[in-house]
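All values derive from a computational prediction rather than experimental measurement. By convention in this document, chain letters (A, B, ...) are assigned in the order of the sequence lines, proteins followed by strands, and residues within each chain are numbered from 1.
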2 protein chains.
Amino acid sequence: MAKAEETGTYKGSGKLRPEEMIYQEMLDAILDRRLEPGMKLVEEDLAQTFGVSRARIRATFLQLAHDKLINLVPNRGAFVSEPTIDEAIEVFSARRMIEDGVARKVALGMTDERAAQIKNHLDREHDAHHRGDHRAAIILSGEFHLLLARLTGNLVIEEFLERLILRTSLIIAMYESPHPVDCSHTEHDELLKALTSGDPDIAAAEMSRHLDAIRDRLQLQRPKPGKTDFASIFGRTPKSAAS
Amino acid sequence: MAKAEETGTYKGSGKLRPEEMIYQEMLDAILDRRLEPGMKLVEEDLAQTFGVSRARIRATFLQLAHDKLINLVPNRGAFVSEPTIDEAIEVFSARRMIEDGVARKVALGMTDERAAQIKNHLDREHDAHHRGDHRAAIILSGEFHLLLARLTGNLVIEEFLERLILRTSLIIAMYESPHPVDCSHTEHDELLKALTSGDPDIAAAEMSRHLDAIRDRLQLQRPKPGKTDFASIFGRTPKSAAS
DNA sequence: GACAACAGGATTGTTAACAATTTTGCATGC
DNA sequence: GCATGCAAAATTGTTAACAATCCTGTTGTC
């Protein structure tokens with residue numbers, strides 16, 4: 001997961017491994033849309049950019065491809081993933097299936113200390129929101145879900161959900177509605193309330209509602225069947241072979 | 001997933017890609033325990049065995065490591081995973097969390113055709129069992145769960161569960177009780193009954209019960225804290241520096 | 001006899017060069 | 001003008017050699 005703050009320090013002690021560093025950098029670039037969906041990733045160029053050999057770039061590609069963040073085509077190369085609408089819907093559906101269970105488990109194992117931990121995170125979310133730091137808000141929003149996964153105490157779930165959240169971030173970056181209406185942070189408040197209610201069914205229901213809400217805020221219509229509509233992009237009406 | 005029958009033919013048309021072939025072969029070997037947990041995997045040896053370069057073996061290692069089937073230690077090499085008891089328990093817990101949701105979704109979307117599809121698979125399971133084909137039974141048992149995941153229509157869930165099932169197979173291979181009591185196939189019958197009941201809660205409960213049962217049939221005690229008990233293995237009492 | 005230092009061998013990590021494939025640009029013909 | 005075919009450039013796929021690291025067995029010292 002991309003870090004909300006102090007990006008660049010890894011493992012604390014300054015002993016950073018180049019492998020993970022490159023993965024992180026490319027990850028951040030993809031989620032920031034500095035690398036746009038569909039963009040070709042040339043091995044040699046990246047190798048020179050990062051000052052490493054092509055072999056390492058290749059290994060990094062395998063990792064990113066495994067996380068579905070890039071697309072590896074034999075003999076053609078690597079491309080930043082362009083999740084389709086169907087894929088986007090599937091990711092949200094998968095998250096619902098898993099995070100319903102997470103919510104149930106967290107609700108059942110709730111303690112005062114854990115509630116405070118969640119509350120603390122919510123404060124940071126609100127803070128970022130009031131600062132107007134949109135990017136930090138998105139990242140913290142993802143980390144909220146990751147925190148819940150961690151509270152289940154199940155590393156398997158945590159790791160898988162981390163990947164799904166990354167994919168979600170890419171999907172949001174790609175399909176985000178132009179006028180950002182991320183009222184998401186208030187929904188997290190509701191979620192905390194449901195999680196502390198003690199009723200796992202309520203918690204699961206609230207989680208489902210929240211994930212559906214995120215999905216529904218996206219522009220997951222289908223205005224891209226076939227070829228790009230350049231006419232609307234450039235604000236013109238198509239002319240047939242203008243003189 | 002390892003194939004239950006006709007192992008060796010891939011993609012039907014004879015156009016087999018060496019990359020996937022090697023992954024499959026190593027996968028089968030690990031699940032068969034021809035490659036035992038903890039065993040060192042030397043790149044050069046494997047490269048010669050498969051007649052490919054070390055680079056390809058390395059790439060295959062990354063895949064297997066990502067699926068947690070081998071362990072990659074920097075500067076030391078690759079080792080067949082030795083899932084700890086804690087990890088085993090976590091995997092089952094994770095599967096419960098996910099497959100509860102799967103069971104719910106399948107129960108809600110059940111049709112006669114799908115029920116027949118499941119029934120058909122169960123017949124194959126029973127058949128393998130009556131033939132006494134233990135290996136096929138284990139594989140088919142895993143594919144039963146994969147079939148349910150496929151019936152959710154969610155590729156994300158399907159792929160993740162496929163990996164978890166592979167891990168489970170390794171865990172079973174490692175912790176299986178000596179006297180195989182895989183009465184598992186009757187449990188799958190129960191599961192089908194629950195899935196066709198129309199009540200998602202019943203389906204989820206039955207799935208939980210089933211997964212717990214598999215786990216509880218394993219020998220997940222803790223008789224391995226520290227070093228191996230050679231004395232019991234060789235049926236002797238330890239002597240202090242025998243003359 | 002136990003322990004530390006050291007050397008040799010084995011194995012992984014990395015780099016660079018070469019081969020195969022795809023893409024691109026251009027010329028040719030209709 | 002447009003499509004087809006060809007050749008060159010760019011890019012990926014593969015191999016082999018070299019460097020760095022780790023393991024093992026030995027030697028020397030206390």
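Residues passing the salt bridge (Lys or Arg N to Asp or Glu O under 4.0 Å) test with B/Arg76, sequence neighbours excluded: none. Under the side chain to side chain donor-acceptor pair (under 3.5 Å) criterion, B/Arg150 pairs with B/Glu158, not counting sequence neighbours.
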Checklist line | Footprint string (nucleotides 7-13 of chain C, 5' to 3'): B base within contact, S backbone only, - free, heavy atoms under 4.0 Å | finding: ----SBB
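Taken to the nearest 0.5 Å, the CZ atom of B/Arg95 stands 11.5 Å off from the CG atom of B/Asp212. The distance from the CD1 atom of B/Ile118 to the CG atom of B/Leu148 is 5.5 Å, given to the nearest 0.5 Å.
Distance B/Ile57 CD1 to D/dA16 P: 14 Å, rounded to the nearest Å.
Ring centers of B/His145 and B/His210: under 6.0 Å apart, within the cut-off.
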